[in-house]
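Here is the structure we will look at.
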Amino acid sequence: GAVVSQHPSWVICKSGTSVKIECRSLDFQATTMFWYRQFPKQSLMLMATSNEGSKATYEQGVEKDKFLINHASLTLSTLTVTSAHPEDSSFYICSASSLAGLRSYEQYFGPGTRLTVT
Amino acid sequence: AQTVTQSQPEMSVQEAETVTLSCTYDTSENNYYLFWYKQPPSRQMILVIRQEAYKQQNATENRFSVNFQKAAKSFSLKISDSQLGDTAMYFCAFRFSGGYQKVTFGTGTKLQVIP
């Protein structure tokens with residue numbers, strides 16, 4: 001149980017275009033999802049926290065207009081990188097958390113999405 | 001804000017030997033969780049072990065055990081009988097208890113198990 005998927009696993013896009021990354025909880029309902037960014041050989045940095053049906057809460061220094069997060073259902077959150085630039089190239093990881101059934105509030109991580117902007 | 005420090009960027013251990021990874025953290029709160037996550041080359045984050053701060057007993061999961069020293073704010077991971085599959089980045093992490101809380105990660109320790 002507690003499986004989280006991400007799609008795509010790897011995406012290459014041209015500078016100036018937008019790209020959407022999906023995060024799904026496959027066997028549980030995720031009230032809250034978290035989006036992290038990881039640069040090569042570095043740690044995970046939290047970008048934002050999203051709660052189903054409400055606006056995401058962004059960490060300081062994260063541009064909310066550039067990284068659009070939508071958590072429209074209890075099993076799906078999306079991260080859209082708008083007008084992507086090479087410096088947005090990174091590894092993006094989501095995690096999902098639930099109150100009921102599993103270890104309450106435990107975070108379960110997706111496999112990550114590698115974004116390369118050319 | 002809470003911080004998590006891992007002072008060993010890289011470590012190596014011979015297969016079948018024991019290795020200890022260090023972690024210290026800083027918080028003024030009393031109720032929290034500590035974790036060790038493994039990130040192999042696939043980059044999937046895998047939970048290795050979890051410790052509730054209110055529990056004095058150190059958590060263990062098969063070959064993995066922790067030495068939790070709450071007063072010293074230290075949380076080290078011991079891997080016994082190291083296996084080649086243990087080669088990975090290991091992240092120490094902290095989360096407050098109570099509700100949906102973000103996880104704060106340390107900078108990671110790259111562990112190489114040598115055959």
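Here is how names work: the chains are called A, B, and so on, in the same order as the sequence lines, proteins then strands, and each is numbered from 1. Nothing here was measured: the structure is a model prediction, and the numbers come from that model. Values reported hereafter were calculated over all heavy atoms of this structure, with side chains retained and with hydrogens, waters and symmetry mates removed.
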Gap between atom [atom2] of [Y] and atom [atom1] of [X] - 0.5 Å precision:
| X | Y | atom1 | atom2 | result |
| --- | --- | --- | --- | --- |
| Lys102(B) | Met45(A) | NZ | CE | 8.0 Å |
| Met89(B) | Leu44(A) | CE | CG | 9.5 Å |
| Ser95(A) | Met45(B) | OG | CE | 9.5 Å |
| Tyr37(B) | Gln107(A) | OH | CD | 6.5 Å |
| Gln38(A) | Arg43(B) | CD | CZ | 4.5 Å |

Taking all non-hydrogen atoms of both residues into account, name the closest pair between Gly106(B) and Ser43(A) and its distance. O-OG, 2.6 Å
Check the hydrophobic clustering (I, L, V, M, F, W, Y; side-chain heavy atoms under 4.5 Å; chains of links allowed) and say if [X] and [Y] are grouped together.
| X | Y | result |
| --- | --- | --- |
| Leu84(B) | Val19(B) | yes |
| Met33(A) | Phe67(A) | no |
| Tyr92(A) | Phe34(A) | no |
| Phe91(A) | Val19(A) | no |

I'd like to check Gln39(B) versus Ile93(A) (side-chain heavy atoms, cut-off strictly below 4.5 Å). Are they in contact? yes
Any heavy-atom pair between the side chains of Val103(B) and Tyr36(A) that's under 4.5 Å?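 Yes, their side chains come closer than 4.5 Å.
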Just wondering, more than 12 heavy atoms not from [X] lying within 6.0 Å of its [atom1]?
| X | atom1 | result |
| --- | --- | --- |
| Lys70(B) | NZ | yes |
| Lys66(A) | NZ | yes |
| Glu87(A) | CD | yes |

Side chain / backbone / both / neither for Phe105(B) at chain A, heavy atoms under 4.5 Å: both
Quick one: which of Arg114(A), Gln6(A), Glu59(A) has the most heavy-atom pairs under 4.5 Å with chain B, could you say? Glu59(A)
